[in-house]
Enquirer: 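The structure that follows is given in the form of structure tokens.
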Amino acid sequence: AKREGRGVVRLFDEGMDENIRLRRAIEGGLSQAIAKGELSLVYQPIVAREELEVIGFEALLRWNTNDHGPISPAVFIPIAEETNLIHELGDWVLGESLKVLAEWPSQYVSVNFSPRQFRRHNFVARLVETVQRAGIDPRRVQIEITETAIFDDADRAADTLYKLRQMGFRIALDDFGTGYSSLYNIRKFALDCLKIDRSFIDGMGRERESAAIVHSIIHLGHALGLGVIAEGVETEAQLQALRVAGCSHMQGYFFSRPVTQDVACEIAQARYML
Ligand code: C2E
Ligand code: CA
Ligand code: CA
Ligand code: CA
């Protein structure tokens with residue numbers, strides 16, 4: 001048993017080394033990604049239930065490294081988030097997202113902000129300055145934040161959200177249902193909509209629990225006067241079920257995968273999906 005124990009420890013150590021090397025490599029690569037032109041954004045349409053009108057697009061970051069090909073944001077965002085790199089990336093994402101707005105007739109752009117960005121010193125002032133300098137109406141910018149960003153320091157977050165909302169920004173609570181927010185506390189925050197996490201939409205057709213959760217979130221959202229966006233809608237059956245449940249907005253591969261700036265522009269001009 002003792003030998004086995006040592007073996008496990010050694011394996012674990014090697015695993016750690018490997019892991020740390022990989023993280024360092026990603027950090028190093030990311031710090032140069034902007035300068036090397038390796039970053040880009042793709043845009044995924046958000047549609048309104050009734051006529052599938054495209055009312056906005058979520059901006060999603062892509063990193064295509066010259067040496068190793070594409071790396072998923074699910075891998076590099078958490079690493080950037082542990083360092084100040086997230087600020088540099090976030091500033092770049094915001095700048096690009098605001099530029100693309102000029103090409104769309106009416107849609108908004110929905111931008112992901114990580115908890116660290118949201119808690120950054122002078123977050124509101126910086127954001128307002130950037131948006132004003134770009135000559136953009138804040139009502140065309142939706143800020144996506146997760147529960148983790150707001151529930152750790154709820155009072156301060158509530159204050160930040162209030163200010164943003166006063167200035168006209170839209171606020172979406174992302175991945176809703178996966179965090180540990182108390183439903184009661186949701187009232188404290190100035191929000192425009194809840195985004196139901198993909199995992200619940202995915203489970204809807206298979207498990208009663210997921211369907212029940214989706215229904216509860218839709219009812220809760222509406223009771224609080226919020227919009228509800230279902231994310232990760234992949235099938236016609238999910239679309240119909242969400243329509244019946246009264247969900248106001250949807251997003252997912254069934255309508256469109258995230259697309260390049262050019263394709264997004266065509267979709268924005270056409271205004272309706274399908
Ligand atoms: P998220 O904000 O929850 O974004 C939704 C993810 O679901 C995206 O993955 C999107 O491509 C994917 N998706 C959309 N529709 C479907 C569908 O119908 N089926 C399936 N299977 N997937 C779908 P992506 O682009 O890989 O991004 C992963 C995560 O990385 C995002 O999750 C977000 O947390 C983070 N991220 C991406 N871009 C940014 C960014 O610019 N800033 C920050 N802070 N985080 C970002
Ligand atoms: Ca998001
Ligand atoms: Ca999400
Ligand atoms: Ca998600």
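Throughout, numbering of the chain's residues begins at 1 and tracks the sequence. Each ligand, and each atom within it, is numbered from 1 in the order the structure gives.
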Enquirer: Backbone, side chain, both or neither: what part of Ile77 comes under 4.0 angstrom of ligand 1, heavy atoms only?
Expert: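 Only the side chain of Ile77 comes within reach of ligand 1.
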Enquirer: Test Asn112 against Gln117 for side-chain hydrogen bond (donor to acceptor under 3.5 Å, both in side chains), laying out the working first.
Expert: CA-CA 10 Å; Asn112 291 287; Gln117 289 177 273; over 6 Å; no
Enquirer: Given that the side chain starts at C-beta and the backbone is N, CA, C, O, which of these parts of Arg62 lies under 4.0 Å from ligand 1, counting heavy atoms, or is it both or neither?
Expert: side chain
Enquirer: Taking transitive links into account, so neighbours of neighbours count too, which hydrophobic residues share a cluster with Tyr108 at under 4.5 Å side-chain distance?
Expert: Ile46, Ile55, Ile229
Enquirer: Is Gln251 touching ligand 1 with its side chain, its backbone, both, or neither, if touching means heavy atoms under 4.0 Å apart?
Expert: neither
Enquirer: Kindly give the heavy-atom pair with the smallest separation between Gly177 and Phe200, and that separation in Å.
Expert: O-CZ, 3.5 Å
Enquirer: If we only consider heavy atoms of Gln117, is any one of them less than 4.0 Å away from an atom in ligand 1?
Expert: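 Per 4.0 Å heavy-atom rule, Gln117 contacts ligand 1.
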Enquirer: Assess, by modelled atom type and distance only, whether the side chains of Asp197 and Ser199 contain a donor and an acceptor separated by less than 3.5 Å.
Expert: yes
Enquirer: Are the charged groups of Glu129 and Arg133 less than 4.0 angstrom apart, N to O?
Expert: yes
Enquirer: Is there a chain of hydrophobic side chains (I, L, V, M, F, W, Y, each step under 4.5 Å between heavy atoms) that links Phe118 to Val124?
Expert: yes
Enquirer: Just which atoms of ligand 1 are under 4.0 Å from any heavy atom in Ser114?
Expert: 44 (N)
Enquirer: Hey, looking at atom 21 (N) of ligand 1, which of Glu234, Gln44, Glu58 has the closest heavy atom?
Expert: Glu234
Enquirer: Can you pull the salt bridge (charged side-chain N to carboxylate O under 4.0 Å, His left out) pairs that have at least one residue in residues 200-220, sequence neighbours excluded?
Expert: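 As it turns out, the salt bridge (charged side-chain N to carboxylate O under 4.0 Å, His left out) pairs with a partner in residues 200-220, which skip direct neighbours, are Asp202-Arg206.
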Enquirer: Under 3.0 Å from the Ca ion (ligand 2), protein N/O/S atom count?
Expert: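 Those protein atoms number 4 in total.
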Enquirer: Of the side chain and backbone of Asp175, name the one, both, or neither that has a heavy atom under 4.0 Å from an atom of ligand 1.
Expert: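 Side chain only.
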Enquirer: Identify, with sequence neighbours excluded, every residue that meets salt bridge (charged side-chain N to carboxylate O under 4.0 Å, His left out) alongside Arg257.
Expert: none
Enquirer: Can you list the atoms of ligand 1 that are under 4.0 Å from a heavy atom of Pro258?
Expert: 11 (O)
Enquirer: What part of Glu81, side chain, backbone, both or neither, has a heavy atom within less than 4.0 angstrom of ligand 1?
Expert: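 Looking at Glu81 and ligand 1, no heavy atom falls under 4.0 Å.
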Enquirer: Of the side chain and backbone of Val93, name the one, both, or neither that has a heavy atom under 4.0 Å from an atom of ligand 1.
Expert: side chain
Enquirer: In this structure, are over 12 heavy atoms from other groups packed under 6.0 Å from Phe123 atom CZ?
Expert: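 Check passes, neighbour count above 12.
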Enquirer: Let's go through Lys163 and Asp159 carefully: what are the C-alpha distance in whole Å and the side-chain angles of both, what is the deciding distance for salt bridge (charged side-chain N to carboxylate O under 4.0 Å, His left out) to 0.1 Å, and is it a yes or a no?
Expert: CA-CA 6 Å; Lys163 285 185 190 144; Asp159 185 55; 3.3 Å; yes
Enquirer: Can you name the atoms of ligand 1, numbered from 1 with element, that are less than 4.0 Å from a heavy atom of Gly232?
Expert: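 Near Gly232, meaning under 4.0 Å from one of its heavy atoms, ligand 1 has 16 (C), 17 (C), 18 (O).
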Enquirer: Could you tell me whether the side chains of Gln261 and Lys99 share a donor-acceptor contact shorter than 3.5 Å?
Expert: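 Absent: no donor and acceptor within the cut-off.
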Enquirer: Going by atom types alone, do Ser110 and Gln142 pair a side-chain donor with an acceptor below 3.5 Å?
Expert: yes
Enquirer: My understanding is that we take every heavy atom of each candidate and find the minimum distance to atom 39 (C) of ligand 1. Doing that for Leu89, Leu61, Thr235, Val233, which one comes out nearest?
Expert: Leu61
Enquirer: Can you name the atoms of ligand 1, numbered from 1 with element, that are less than 4.0 Å from a heavy atom of Gly252?
Expert: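 Answer, ordered by atom number: 15 (N), 18 (O).
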Enquirer: Is there at least one pair of N or O atoms, one from Asn112 and one from ligand 1, spaced under 3.5 Å apart?
Expert: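 Min N/O separation from ligand 1 is below 3.5 Å for Asn112.
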Enquirer: Within the side chain of Gln269, is there an N or O that forms a donor-acceptor pair under 3.5 Å with the backbone of Pro105?
Expert: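 It does not hold such a pair.
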Enquirer: If we set the cut-off at 4.0 Å for heavy atoms, which region of Asp174 has an atom near ligand 1: side chain, backbone, both, or neither?
Expert: side chain
